[in-house]
Amino acid sequence: MLSNEIVESVIFRAIEALNAERALADRIVPTVDTGLFGTDATLDSLEFVSVITDVETTLNLEHGLEISLADDHAMSRPESPYTSVATLRDYITELADER
Amino acid sequence: MTAQQVSTYAGRIAVVTGTRTGLGKSLAEHLLANGAKVVGMSRGAPTISTPAYSHQRVDVGDDDQVRSAFILVGREHKRLDILINSAAVLTSIHALVMPAARAEEMVRTNFLGVFFTAREAAKLMRRQRYGRIVNIGSMASTLEPVGDSVYAATKAASMTLTGVLAKEFAGYGITVNTVAVSALDTEMLRKLPRERVDEVVASLLIARIATTEDVLNVVDFFVSPSSSYITAQTIFLGGVHG
């Protein structure tokens, strides 16, 4: 079972990886409130894709959690799991608990 | 084997689909002979036995199976350099009597299979910001032979897919290209009436059956590290016009 802290660290690492491509002044210091997708998003659409893919791959390869973060289930939820770090973390732990 | 081929493949991790028979098997053997480690994927049991080859029984048209297979590749090899999409099925029959199940199988394997495998491969390749994806296309996509309605359409769709994926993956150092094969002497071709094959071959600018080496030559070019500036391209064998 994955703790919230581990999941958050995986998401933070994926966001921090974006900083290599950003100007110093635009670098992101991720928190649980960092917006990922939607009106309050800190990321552009390509960065969002990168973060989702990185998080999914890291969970699959390094934590043995075989999940998909971009399936119909995620996309059809009334409240998007992609809104912020916190909502994504909660969605991942929910999927992990179902395993 | 040339020094160029060895430098292209030595130490590389490759996935080749459709490795049970035909061109896919030849491609896998070629990569192995030049020093790559190959994970073969096909619905059937493996037909290659060598330490550098591992096999996963996968229906490439099944998203869940493909996803799991590539996770295993990532866990075992930690990286992926090359994907060659060779798995394909062909039912050549007049559209008026084409069974729905055969049409759906071609769409799943020849088109969705290319998409699913490329998507999962790119997830691994982007981690190292390097990758080569080569799709095996067909002259049928432009010659549009009678009887090949769905097959030709799936191969045309896969060429369009090559272009879009090339755009989406370019920033990750991943190239996506297609080699469109003319008539090649494989099990698939032998299912077709000989007179139809002869007619198509006669219409080519270079009027002969393709050899496996003709295909490997183009695959070597696309896969070479020196081809980092070559993407979204389709090369037709035999002088077929794209």
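All values derive from a computational prediction rather than experimental measurement.
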Which value, rounded to the nearest 0.5 Å, describes the distance between A/Ser68 atom OG and B/Asp64 atom CG?
8.5 Å
If the threshold is 4.0 Å, N to carboxylate O, is there a salt bridge linking B/Arg67 and A/Glu56?
yes
Side chain / backbone / both / neither for A/Asp71 at chain B, heavy atoms under 4.5 Å
neither
Is A/Glu79 atom CD crowded by more than 12 heavy atoms from other residues, nucleotides or ligands, each under 6.0 Å away?
no
Sub-3.5 Å donor-acceptor pair from the side chain of B/Arg75 to the main-chain atoms of A/Glu62, do we have one?
no
Using non-hydrogen atoms and a 4.5 Å limit, figure out which bit of B/Phe70 sits close to chain A: side chain, backbone, both or neither.
neither
Tell me, yes or no, whether the heavy-atom count around B/Arg119 atom CZ, taken from other residues, nucleotides or ligands under 6.0 Å, exceeds 12.
yes
No-hydrogen, no-angle side-chain donor-acceptor test under 3.5 Å, A/Ser50 and B/Arg126
yes
So, the part of B/Leu124 with a heavy atom under 4.5 Å from chain A: the answer is side chain
Does A/Asp26 have more than 12 heavy atoms from other residues, nucleotides or ligands lying within 6.0 Å of its CG?
yes
I'd like to know if A/Asp54 pairs up with B/Arg127 as an ion pair, taking the criterion as any Lys NZ or Arg NE/NH1/NH2 lying under 4.0 Å from an Asp or Glu carboxylate oxygen.
no
Find the distance between CD (B/Glu76) and CG (A/Leu61) and round it off to the nearest 0.5 Å.
12.5 Å
Answer yes or no: is there a side-chain heavy-atom contact under 4.5 Å between A/Thr57 and B/Ile71?
no
Atom CZ of A/Phe37 with >12 non-hydrogen neighbours under 6.0 angstrom
no
